[in-house]
Amino acid sequence: MSVLKIAVRLVAEHRVLFAVYVLLFSVVGSFAAGSLGPVSTTYEAVRPGVAIIDRDESAVSRALASHIAAVSELVEIEDSTRALQEAAAKNYADYVLVIPAGYGEELVAAARAGLDAPDLECVVSYTSANGSLMDERVRGYAQELYAIAAASPAAHAEDLVKLVDASQDTGVAVEIIDTETPGLPVTYLVYCQFALYALFGGVAAIVGIGLADLRTPEVRQRIGATPVPSAAFDTQIAGAIALCGIAVWSINAVVGIALYADELACVPVALTALMLVILFALMLVGMAFGFLIWQLGVRRELVHAIANISAIIISFLAGTWVPLANMSAEVLAVARFAPGLWAVSAMEMLVRATSVTGELVTSVLGHAGIVVLFALAIAAAGLAVGRARRAIA
Amino acid sequence: MAIVSVRQLVKRYGDLVALDHFDLTVERGEVFGLLGPNGCGKTTAINCMLSLLTYDKGTIELFGEPMGPARYDLKRRIGIVPQQVAVFNELTVEENIDAFCSLYVADRTRRRTLVDRAIAFVGLGDFRRFRPQKLSGGLLRRLNIACGIAHEPELIFFDEPTVAVDPQSRNAILSGILALVDAGATVVYTSHYMEEVEQICGRIMIMDRGRAVAEGTVGELKGMIGIGEKIVVEVTDLPEAALDAVRYLPATVSASYRGRELHVACAQGESHLAAVLEVLASFGVAPVRVYSEPPTLNDVFLEITGNELRDHGAGDERPAGR
């Protein structure tokens with residue numbers, strides 16, 4: 001039995017780590033992808049829940065209410081302070097509009113006198129942006145009515161409302177465009193983003209813990225006294241680490257392809273292959289990080305902590321938990337110094353791709369190359385730590 | 001023929017001289033004891049001999065040939081039982097022995113025989129499928145030994161193999177070492193337990209501050225110190241004048257009275273028991289119990305290395321890895 005065989009044997013004793021870090025996180029990734037829902041081939045505008053309390057009952061207020069009702073789902077709420085507070089607290093509707101008594105007359109009068117428009121009372125949901133959008137729509141309607149009333153000093157409220165209704169655009173035309181060659185499905189992208197955790201943190205933990213016994217000074221002394229050359233020992237340890245990484249990558253890749261087989265069947269194989277290349281590059285970073293942890297001789301209990309915290313940070317900076325588009329410029333600037341950003345950027349290219357072009361392949365491989373550079377840098381740090389420890393010993 | 005031949009070995013850690021022109025010769029088939037206080041250079045010497053550490057000056061020959069890091073042919077003939085238990089916690093007893101043996105012996109069939117023999121030798125037959133965490137301290141030490149001797153080496157270094165081991169296990173380990181020697185092995189043995197060294201070692205070297213300060217058989221070492229006999233007389237009461245009279249005896253090296261016992265250390269030569277008893281009788285002191293014994297290795301060790309406490313850091317006792 002060579003050192004490689006011993007190492008593989010030791011890692012094999014930690015099968016549970018593969019189950020937790022690889023299979024479990026693959027499943028978590030697939031759940032996260034599943035939460036996106038199926039990709040629709042038609043477009044349907046969102047109809048937010050809206051509650052209207054009309055205390056005015058004027059032509060203006062009825063027109064405003066009817067304008068809102070056309071683009072929303074109306075929610076019945078009692079006109080009482082308690083009911084309104086409850087609606088706001090329990091989030092019964094995305095938007096609650098209270099039209100005060102006399103609002104219609106005051107609005108027209110204010111417009112013709114050049115005064116400020118009267119206020120509408122409203123409650124906007126804190127859970128989605130739909131309420132805010134509805135508020136914009138209501139205020140737009142009121143502003144238009146104000147403007148037309150100012151411009152038509154003799155017109156009745158009913159006529160003003162007709163003019164406003166005629167000018168209002170109730171929707172935007174949306175068309176689904178079929179691309180000749182679709183890119184990778186978004187669900188697979190989400191799965192692969194979550195794979196980052198297994199490929200980075202998982203590989204690092206498996207290497208750090210699985211090979212821990214081969215790093216203890218006592219065992220190293222014993223092996224140092226055997227006829228195993230130092231270079232052969234190092235090479236075989238590197239081989240064992242590589243096998244760990246490849247095993248994790250393979251399991252993750254197979255699970256991913258199996259879960260999204262139907263969707264991936266519709267896209268060019270080259271795109272899937274490029275995705276696997278990116279994941280392989282990420283795995284190399286995990287391997288290098290595991291090697292660094294191993295060289296540092298970190299205690300087993302700490303390996304889990306280090307691997308998980310690092311994986312959370314790396315995957316956060318890659319946009320797994322919060323989309324990159326929602327991150328501040330400062331966070332994005334920091335993220336450029338982490339491998340995840342480059343990997344996920346390349347993954348997104350594959351999702352947006354409409355065909356497999358040389359430019360796409362070059363860009364993706366370029367990003368994968370940057371990820372590999374991170375791996376090399378971390379591995380170099382691991383080698384330096386190893387040399388330093390040897391010198392101290 | 002000398003199996004181990006170390007000449008004028010010097011090893012420095014910065015300003016600290018761990019081995020100072022150290023010489024050692026171990027003949028084939030003997031159990032050679034290496035004694036010394038903490039940090040005296042025992043483990044450093046072993047690590048240099050195993051080429052786990054580089055050294056600044058001197059020569060090391062094993063089996064009559066120069067030893068070096070790349071002398072894999074020589075390493076194949078050597079076994080080491082380190083001070084700290086060095087085993088794989090994930091593997092069973094059998095797998096551990098097989099794993100370390102495999103680094104010396106590639107042939108699986110032969111290895112199986114060797115592993116079985118090693119398990120039988122250390123008496124771990126009932127624990128083959130046990131993992132190290134499930135073993136007691138004594139059994140763990142035995143596993144540590146099995147991992148070092150399974151490939152049947154000609155030269156074995158035992159670095160304090162009985163630390164924290166119960167008397168039964170210690171006895172089994174010592175008997176095992178003697179059995180290895182009977183089977184043709186040569187053993188270099190380090191320990192803090194004087195009685196162990198006295199029990200199994202044919203020749204002993206006492207090291208201090210990186211140098212060999214005494215070497216010889218147990219008898220030869222005992223002959224090197226001033227004390228030849230230790231007399232203990234239990235008495236109910238001892239007048240100060242009687243104690244002074246004992247102290248004035250020509251052969252007395254030292255005498256003290258503590259806890260109803262008179263301790264007299266006498267110089268080398270004939271027994272001085274009769275003279276001591278005669279002095280006591282002249283003062284009317286009636287002994288309750290009397291006994292006389294030769295000096296122990298512990299006495300030799302303390303006289304040669306001194307009584308002061310010392311602990312030169314752990315650096316010297318640390319195992320050296322790649």
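Owing to the predicted nature of the structure, the values given are computational and were not obtained by experimental measurement.
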field: Residues B:Glu90, A:Arg15; criterion salt bridge (Lys or Arg N to Asp or Glu O under 4.0 Å); working and verdict
entry: CA-CA 12 Å; B:Glu90 282 87 355; A:Arg15 289 181 287 271; over 6 Å; no
- request: Give the minimum heavy-atom separation between A:Gly224 and B:Lys75, together with the two atoms involved.
  value: O-NZ, 3.1 Å
field: Heavy-atom closest contact (A:Ala225 atom, B:Leu52 atom, distance)
entry: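 For A:Ala225 and B:Leu52, the tightest heavy-atom pair comes out as N-CD2, 3.7 Å.
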query: More than 12 heavy atoms of other residues, nucleotides or ligands under 6.0 Å from CZ of A:Arg336: is that the case?
result: no
message: Does B:Arg110 have more than 12 heavy atoms from other residues, nucleotides or ligands lying within 6.0 Å of its CZ?
response: no
- prompt: Where on B:Arg77 is there a heavy atom nearer than 4.5 Å to chain A: the side chain, the backbone, both, or neither?
  reply: neither
message: Using heavy-atom distances under 4.5 Å, tell me whether B:Asp107 contacts chain A through its side chain, its backbone, both, or neither.
response: neither
Do [X] and [Y] touch side chain to side chain, with heavy atoms closer than 4.5 Å?
X: A:Val228; Y: B:Tyr72; value: no
X: B:Leu91; Y: A:Arg9; value: yes
X: A:Ile6; Y: B:Ser102; value: yes
X: A:Arg222; Y: B:Cys147; value: yes

- prompt: What is the distance from atom CD of A:Gln221 to atom CD1 of B:Ile80, rounded to the nearest 0.5 Å?
  reply: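 Nearest 0.5 Å value for the CD-CD1 distance: 4.0 Å.
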- line: Scored by heavy-atom pairs under 4.5 Å with chain A, the best of B:His151, B:Arg131, B:Arg108 is B:Arg131
- prompt: Between B:Gly148, B:Ser51, B:Pro153, which shows the greatest number of heavy-atom pairs under 4.5 Å with chain A?
  reply: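 Max contact count across the listed options: B:Gly148.
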Salt bridge present between B:Glu95 and A:Lys5 (N-O < 4.0 angstrom): no
task: Select, from A:Thr216, A:Leu214, A:Val219, the one with the greatest count of heavy-atom pairs under 4.5 Å involving chain B.
output: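 Most heavy-atom pairs within the cutoff with chain B belong to A:Val219.
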